[in-house]
Structure formats: structure tokens, C-alpha cells
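One-based numbering, in listed order, for ligands and for the atoms of each. Just so you know, these numbers use all the heavy atoms, side chains as well, and skip hydrogens, waters and symmetry mates.
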Amino acid sequence: MTEINSVTTLTQDGDVAVVTLNSPPVNALSANVRDGLFEGFKQAIASDAKAIVLICDGRTFIAGADITEFGGAMKGASLPDVQAQMENSPKPVIAAIHGTALGGGLEVALCAHYRVAVPSARLGLPEVNLGLLPGAGGTQRLPRIAGVEKALEMMTSGRHAPAKEALAMGLVDEIVPEGQLKEAAIAFARKIAADGKPLVKVRDNNTKLEAAKGHPEIFADFRKANARKFRGFLAPEYNIRCVEAAVNSASFDEGLAVERKLFMELMMGPQSAAQRYYFFAERQANKIPDVPDDTPTRPIAKVGILGAGTMGGGIAMNFANAGIPVVIVELKQDALDRGLKVIRGNYERSRGAVAEQTETRMGLLTGSLDMDAFADCDLVIEAVFERMDIKKDVFTNLDRICKPGAILATNTSALNIDEIASATKRPQDVIGLHFFSPANVMKLLEIVRADHTAKDVIATSMKLAKQIGKVAVLVGVTPGFVGNRILAQRQREAQKLVLEGAMPWDVDRVLYDFGFPMGPFAMSDLAGLDIGWVKEKSNGATIRDVLCELDRRGQKTGAGYYDYDENRNAKPSPVTEQIINDFIAKSGRNPRKISDEEILERCIYPMINEGAKILEEGKAIRASDIDVVWVNGYGWPVYRGGPMFYGDRLGAGKVLAKMAEFQGAMGDDFKPSALLESLVADGKKFSDFKR
Ligand code: 3HC
Ligand code: NAI
């Protein structure tokens, strides 16, 4: 065995050389890895071996470029040099793939002459999710091997294709048995050499591109079909342009030059910076300073859910989807039946494998009207009405019924979890698990740590969140926790703006253009204006009251803030406009013209300021955790990183100056937080904040 460098070895098995990478955690293409590959292949080519296998140790094949190196000075061998070394090798090169071959990893594999993979391997070009495009020839090689349509779909979705699909696409030449990758790849390589098979260079095969030549409609149709999904993002469009260049350029190298230029443009731009930041923010959120990775966890083999309403049903689905049995308890049989029926309906309406597994998943759910059914559960999550007296009563009962060590969780959206925990004799076992609606779809889970929550309860909850496919963020007890507390700022300003002269559709348009999926008024119409509205108590005190009194309760009644046609398309409503104008007249004020800039600043700056207060009070561990909450739970556009990242982009000084200006004009809703002031004084950023 030759040790090429600290992450690369070269061995020989008979007449086959094997270059092995071992650079945990994911064999990313750091300078060291590139150097190892370059030198390893050089020596393998110079050896008497007849073929060369590239394989990785650890959990995965190369998972891409090393993202931590982006933006820094380039060191070591360049990736194109490594790729040229492989592709121009006079001996067949075979990439042996397990885990994930992603981004630069797949681009390296595409410079091998053949690829073999185990059935569990997945391959993809996920650069788009980092606001980028594949910058090492992937945009030119993937359409050559998989065809233009498939390449467009793979590159703009960033999807990881399973080995079987990769085989059908031609990305992989052979699937080999799980656990036997190395032996099988060596045998494959030996046979290729013995049979004198050609050294296939993906770059030379133009057949699939020819088929797309003279068909610009392929691209036009693709853009049109995905316009909604791509709105606001630069990277999908740039990926498409690269595939267009592959089809329309006179040579591979000409297409490669387009790829290079557009890659650099994205890399230097603000969107990719935000999306790369967000990639690490999401992973950072798993790290809790006083709950280290090796904190023991409690086994969760069975889950109880109390309440089969909107949230309880959705929460139950998460566990059934992960194969964990669930018992759901309701007050009355009809509520239980209704809840289970909704779950079944959700499964049946799903696509593909999920729908096929409806019976298996339903089989994991049992219903009961008796809380004693929770006696053998390891975790119980209550999702009953949002009232402190009911929650406390429920927790008193859970304390009595549940076995020692069971985790007792509440899905409350705003109540004080310390107070809820005080109803038990085991507050160390009580935690908030704040799911978002629809709970079977939304990725975000706010895990709420109360005063006495035990560390192993936190560690177990974080681990479980991963198991059920959620992005978890640990937050503290505060009204509305992190997400809703910040949302309240935006909602307040949106309402005030309307009473000063902006129309709901003006506010919505500005926030939509900023990148939110919809504005606050469209959102209210979708959710139903009558949530929390009580007819008997309604006295026309708010615009919402008046709308509900007119039976304008949102989309479901065909009218709310907006008017809706039969396809639920929204139109600004003259009725709403009149109601608003009447309100303003009654208040004795004159409506004024409010600029888009003011709308945006009034909605967004107080959110950033509230985030700062949350940090100051220790209700979030770090600024990036707040961003993870807002990107996953509230549709903050990921290409703007999140409210705190955005605040850093603007600069704390600018945020403070605007808050102070608004405070002078409009009062203490805009009072700057102490943290904001101290960051400005110290010339620091939100991302520098550490408690
Ligand atoms: N560069 C640097 N670090 C990386 C990395 C990368 N490409 N991919 C993962 N990591 C790090 C993570 O930050 C994490 O670090 P931590 O333990 O300190 O938090 C660690 O590796 C493990 O990652 P995950 O927690 O995400 O592990 P999973 O097993 O859940 O997922 C994965 C593994 C699917 C490979 C996932 O990490 C992933 O999607 N990685 C990014 C893949 C990617 O985007 N590749 C393209 C990069 S851009 C590129 O290649 C440009 C090229 O075209 C020139
Ligand atoms: P819901 O009204 O749809 O469902 C509540 C269910 O609990 C009802 O089916 C009711 O019969 C049942 N229930 C009430 N008391 C019970 C008891 N003592 N024992 C057994 N079942 C009981 O309410 P929803 O929307 O599901 O909310 C539940 C909880 O989740 C609330 O705390 C709410 O604040 C929180 N939440 C709601 C979100 C939403 O968007 N709806 C989002 C996040 C949290």
C-alpha cells in the first residue's frame, strides 16, 4: 500500500490499482483530497496496473466540493486537473459509488470511464440548493449522458437519484451487491481491461444533445412549467442556461466556458452566499452547547397523541411514516373517527409509495377514548385546545398515567410550558414539541426547552426530529416561541399600515416580491378570517370583525380581504377598500400614500429587532437558529438567508438607524433592542452573538 497523502491511499489488487479516499465526514473535495486524487491517479497510471478503481471509505462516496473552502483562496490541485487526469488516463478508470455521489463528487465520477454503484447509492447535482450550478463540467456532462430533459430536472431540483434510476439514465453502468462494492468494482475493472472495452469519455458523446438541437421549446416549456417554483431564485435559471449552452455550443469546451462564467457569477453573488450560509445554519441548529452529541437518549418505541384535530392527526402521521406505532386518544368517538378518516384521506391522496403504504401506516395507528392507553408510551404529545386550564388538567392526568421516564410533550403554540410542567411531579420530563400546520408536511419543529427539561429529553427530541424528517430548532419558553413571536411584529405592522392608507394587496405585493410565498392578508384569507372570531362578541371593532360579520371569512366563503373567483383567484376587493376607508375616516386621520420601501421596512425591521431581543433573552441559542425557524416555518426566502442574516447584510447600523427613526415618528413598537444597540456600538454582527 502506498500512502499518497493523509486522505488517500493507492493499493493494487492483481492487475487493478485502487485509489481510496478517506476524508470524513463526507469525503468532500478539499485541497487535500484533490491533491490526493491527482497524485494517486498519476502513480496508478504510471504503475503496471491495467485498470484503476476509485473508491471511498466511510459513509459515502465524494459528496461534493468542500463548501467551507468557497470564497477563500484556491490551494492545491484544481478539480479540472484531477478530472483531466482521470478522463485522459490510458487505462480504464472505474468509479465505485456508495452513499451519495453529489455535486463535484458526481462530476468526478463522470470523468471515470465507467461507474458501478451499490443499490442504496444516490447520485445528484444539488448545487442549486446552494444557489449554484455544477461548476466542474456537470452541466455539460449530465445532459450528454442522461438527456436534456432529465438533466434539467435533476439540476434544477437538486434531487438525489437512487442507483436504480441512475442505471436507467446511463449514469451508472452496473449495480453491484450491497456490501461488496470493492470486490465487485475490481472484478468489473478487470473485465473491462481484459475485454479491451473502450475508454468512454462522457464529454465526447453528443447523441443526446443532437436530439435537442433546434428545439428551443424544450427550454421555454420547462421554464414556464416551473416559473412558480423558481420565482426569485437565480440558480435554476443559470442551470438551465448551462444546459442550453451544452446543446447550442460548437464544442464541449465552449459549453464549459459558459458554465465557468455563470458559476463564478453565482458564487460571487448574494443569493449563493445566503444559501451556503443556510446549509450550515441548519446543521448548526443540531448543536446544543450544554447537550453534547454523546448525551444518552431515551428509547422511543411507542408514541401517544392526545387530540385528533388539525394538529394531532398530522403529528401522528409523522410517526406512522417513520414506522413508529401511535395511539391517539380523543374525547368522543366521532372526533376520533373524524381524525382517523382525515389521516386516511391524506394518505390516499398522496402519490406513489406513500399511497401504496396507506394500510401499513394506518395499521400503526390505534384509537382510544381512554388516556390509560398511554400507560406504555415512551412519548406523549398533547394537541388539545389551546387553553391553560385544559392543558394543566391534561398534564395532571399524564403524570398519573404515564410510565416513569416517558417524555410528556405539548404542542402549544404560545402557552407557558413551565406553567404546564408545574401540573406534574416530573417537570424534567416535560418539553414543547411545536409542530407547524400541516404537521405532516411542514419541516420545522420548534423544540421548546422549559426551566426543568432534562438534557436527555432534549437530546431524545432532537434525535427523534431527525428520524421523522423534521428540521429541529431548540428554543426557550417565551410567548409564541421564536417563530410566532417574530411573526407578531410583522402582523402588527401590516395591520397598522392598512389603517394608515396602504391597501392589503399593497402590503401583500411588497412581501411577495421580497420572496414570501404570500403576504399576510392573503395568508389570513387562506387560513380563514374567523379563526378565533366569535360572532356573538363581534362588534365591528376591527376590519376583520366587519369582514366576518359580512360573512367574508376568507377563501372558503369566496371573499375575505380579497374577492375570489370560482378558481380561488384573488382580486383586490372594492368592498374591503370601502371598509378600510370608512375605518380611516372614523379615526379622524387622513390616508396617506405609503411607499413600497416603507411597507417593507416597517414589516421587516421590527422582525429583526425582535430576533435580537430573543437572542438577548437567551430564547434562541444563536442568530442562525432564528433563520432556520423562519426559512422552514414561515416561507422566508432562503436566498435571503433568514431575518438575522438579512439584518447582517443590511448592517446592524442601518437597522438601528431605521428603528430609531420609526420610533421617533411612531412610538415604542420600534424601540431598538439593547443587543442591536450594543452590536452597533461594538461594530459587530448578529452572527457574532454568543451568550
Ligand atoms: N462540504 C463541506 N462540509 C460538508 C459538505 C460539503 N460538501 N457536505 C457535508 N458537510 C459536512 C456538514 O456540514 C456536516 O458537518 P458537521 O458534522 O460539522 O455539522 C457533516 O459534513 C455531515 O453532514 P450532514 O449532517 O448533512 O450529514 P448527512 O448524512 O445528513 O448528509 C449529505 C450527508 C447528503 C452528503 C449532506 O451533507 C449534503 O447534502 N451535503 C452537501 C452536498 C452538496 O451540496 N454537494 C455539492 C457541493 S457544491 C459543489 O460540489 C460544487 C461543484 O460543482 C464544483
Ligand atoms: P383542534 O381544535 O383542531 O383539535 C383539538 C382536538 O383536541 C379536538 O379534536 C378535541 O376534541 C380534542 N380534545 C380537546 N380536549 C381534549 C382532551 N381533554 N382529551 C382528548 N382530546 C381533547 O385544534 P388544533 O388546531 O389541532 O390545535 C391543537 C393544539 O395545537 C393547540 O394547542 C394549538 O395551539 C396547537 N397548534 C395549532 C396549530 C394550528 O395551526 N392549528 C399550529 C401549532 C400548534
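In this structure, atom 26 (O) of ligand 1 has protein heavy atoms in its sub-4.0 angstrom surroundings. For atom 26 (O) of ligand 2, the nearest protein heavy atom lies under 4.0 Å away. There is no protein heavy atom closer than 4.0 angstrom to atom 32 (C) of ligand 1.
Annotation: atom 43 (C) of ligand 2 to nearest protein heavy atom, Phe435 O, 3.2 Å. The protein heavy-atom contact nearest to atom 29 (C) of ligand 2 is Val384 O, 3.2 Å. Looking from atom 2 (C) of ligand 1 to the surrounding protein, the closest heavy atom is Asp66 OD1, 3.3 Å. Ranking protein heavy atoms by distance to atom 5 (C) of ligand 2, first place goes to Ala383 O, 3.6 Å. Residue, atom and distance of the protein heavy atom nearest to atom 6 (C) of ligand 2 are Glu330 OE2, 3.6 Å. When hydrogens are left out, the protein atom nearest atom 15 (O) of ligand 1 is Pro25 CG, 4.7 Å; that is the closest non-hydrogen contact. For atom 42 (C) of ligand 1, the closest non-hydrogen atom of the protein is Ala63 O, 3.3 Å. Of the protein's non-hydrogen atoms, Leu306 CD1, 3.5 Å is the one closest to atom 20 (C) of ligand 2. Closest protein heavy atom to atom 40 (N) of ligand 1: Phe279 CZ, 3.6 Å. Protein heavy atom closest to atom 7 (N) of ligand 1, with residue, atom name and distance, is Ala65 O, 2.8 Å. For atom 34 (C) of ligand 1, the closest heavy atom belonging to the protein is Leu102 CD1, 4.0 Å. Nearest protein heavy-atom neighbour of atom 2 (O) of ligand 2: Phe385 CE2, 3.4 Å.
Scanning both residues, Gly483 and Val629, for their nearest heavy atoms gives CA-CG1, 3.7 Å.
Between Phe263 and ligand 1, no pair of N/O atoms sits closer than 3.5 Å. Residue Pro134 places no N or O, backbone or side chain, under 3.5 Å from any N or O of ligand 1. Taking only nitrogen or oxygen atoms, main chain and side chain alike, Gly103 does not reach within less than 3.5 Å of ligand 1. Close N/O approach between Phe70 and ligand 1 is not found [any backbone or side-chain N/O within under 3.5 Å]. When only interatomic distances are considered, the shortest N/O to N/O separation between Glu127 and ligand 1 falls below 3.5 Å. Taking only nitrogen or oxygen atoms, main chain and side chain alike, Arg283 reaches within less than 3.5 Å of ligand 1. Where the criterion is an N or O separation shorter than 3.5 Å, residue side chain and backbone included, Thr68 fails it with respect to ligand 1. At under 3.5 Å, not a single nitrogen or oxygen of Pro126, backbone or side chain, sits near a nitrogen or oxygen of ligand 1.
With a 4.0 Å cut-off on non-hydrogen atoms, Val26 touches ligand 1 through its side chain and not its backbone. At a 4.0 Å heavy-atom cut-off, ligand 1 touches Arg59 through the side chain alone. Contacts between Phe436 and ligand 2, counted as non-hydrogen atom pairs separated by less than 4.0 Å, are absent for every part of the residue. By the criterion of a heavy-atom distance under 4.0 Å, neither the backbone nor the side chain of Met371 is placed next to ligand 2. Contacts of Leu331 with ligand 2, taken as heavy-atom pairs under 4.0 Å, involve both backbone and side chain. If you look at Leu130 next to ligand 1, the close heavy atoms, those under 4.0 Å, all belong to the side chain.
A salt bridge does not link Lys341 with Asp337: none of the charged nitrogens is closer than 4.0 Å to a carboxylate oxygen. For Arg34 and Glu69, the salt-bridge test passes: some basic side-chain N is under 4.0 Å from an acidic carboxylate O. A salt bridge is defined here as a Lys NZ or Arg NE, NH1 or NH2 lying under 4.0 Å from an Asp or Glu carboxylate O, and Glu419 with Lys392 meets this definition. Between Glu165 and Lys150 there is a salt bridge, since at least one side-chain N of the basic residue sits less than 4.0 Å from a carboxylate O of the acidic one. Ion pairing of Asp389 with Arg387 is present here, as a side-chain N (NZ or NE/NH1/NH2) and a carboxylate O approach within less than 4.0 Å. We find that Lys75 and Asp35 are not joined by a salt bridge, their nearest charged nitrogen and carboxylate oxygen being 4.0 Å or further apart. In this structure, Arg338 does not pair ionically with Glu330, as no charged nitrogen and carboxylate oxygen lie closer than 4.0 Å.
Partner Met154 forms a side chain to side chain contact (heavy atoms under 4.5 Å, CB included) with one of Leu125, Leu142, Leu123 and no other, that one being Leu142.
Distance alone, capped at 3.5 Å, is enough to place a donor-acceptor pair between the Lys391 side chain and the Val384 backbone.
Not close to ligand 2: Glu382, with no non-hydrogen atom less than 4.0 angstrom away. At least one heavy atom of Lys287 sits closer than 4.0 Å to an atom of ligand 1.
Atom CG of Asp293 is surrounded by 12 or fewer heavy atoms from other residues, nucleotides or ligands within 6.0 Å. Residue-environment remark: NZ (Lys556) exceeds the threshold of 12 foreign heavy atoms within 6.0 Å.
Taking every non-hydrogen atom of His434 and a distance limit under 4.0 Å, the qualifying atoms of ligand 2 come out as 43 (C), 44 (C). Using a 4.0 Å cut-off to heavy atoms of Phe280, the atoms of ligand 1 that qualify are 13 (O). Short contacts between ligand 2 and Ser413, defined as distances under 4.0 Å to a heavy atom of the residue, involve ligand atoms 33 (C), 34 (O), 35 (C), 36 (N), 44 (C). Heavy-atom contacts of Ile67 reach the following atoms of ligand 1: 1 (N), 2 (C), 6 (C), 7 (N) (cutoff under 4.0 Å). Those atoms of ligand 2 with a heavy atom of Gly309 less than 4.0 angstrom away are 3 (O), 4 (O), 6 (C), 9 (O), 26 (O). Near Glu107, meaning under 4.0 Å from any of its heavy atoms, are these atoms of ligand 1: 52 (C), 53 (O), 54 (C). Atoms of ligand 1 lying under 4.0 Å from at least one heavy atom of Gly64, given by number and element, are 45 (N), 50 (O).
Two residues are said to be in side-chain contact when any heavy atoms from C-beta on lie closer than 4.5 Å; Val329 and Phe374 meet this criterion. Side-chain contact check for Phe435 versus Leu445: some heavy-atom pair is nearer than 4.5 Å. A 4.5 Å side-chain heavy-atom check between Val475 and Arg449 finds every atom pair outside the cut-off. Inter-residue side-chain proximity for Leu133 and Val128 is flagged as unmet; no heavy-atom pair is nearer than 4.5 Å. Side chains of Ile328 and Ile343 form a contact here, defined as non-hydrogen atoms less than 4.5 Å apart.
For the 3.5 Å distance criterion, the side chains of Thr8 and Asn5 qualify, holding a donor opposite an acceptor. Asn32 and Ser30 share no side-chain donor-acceptor pair at under 3.5 Å. Using a 3.5 Å distance cut-off with no hydrogens or angles, the side chains of Ser78 and Asp81 do pair a donor with an acceptor.
Judged by a 6.0 Å distance limit and a 45° cone about the ring axis, Arg276 is not positioned over the six-membered ring of Tyr278. In this structure, Arg490 forms no cation-pi arrangement with Tyr634, as its terminal cationic atom is not both closer than 6.0 Å to the ring centre and no more than 45° off the ring axis.
Considering only non-hydrogen atoms, atom 39 (C) of ligand 2 lies nearest to Met311 out of Arg387, Lys391, Met311. The residue among Thr310, Thr412, Asn411 with a heavy atom at the shortest distance from atom 36 (N) of ligand 2 is Asn411.
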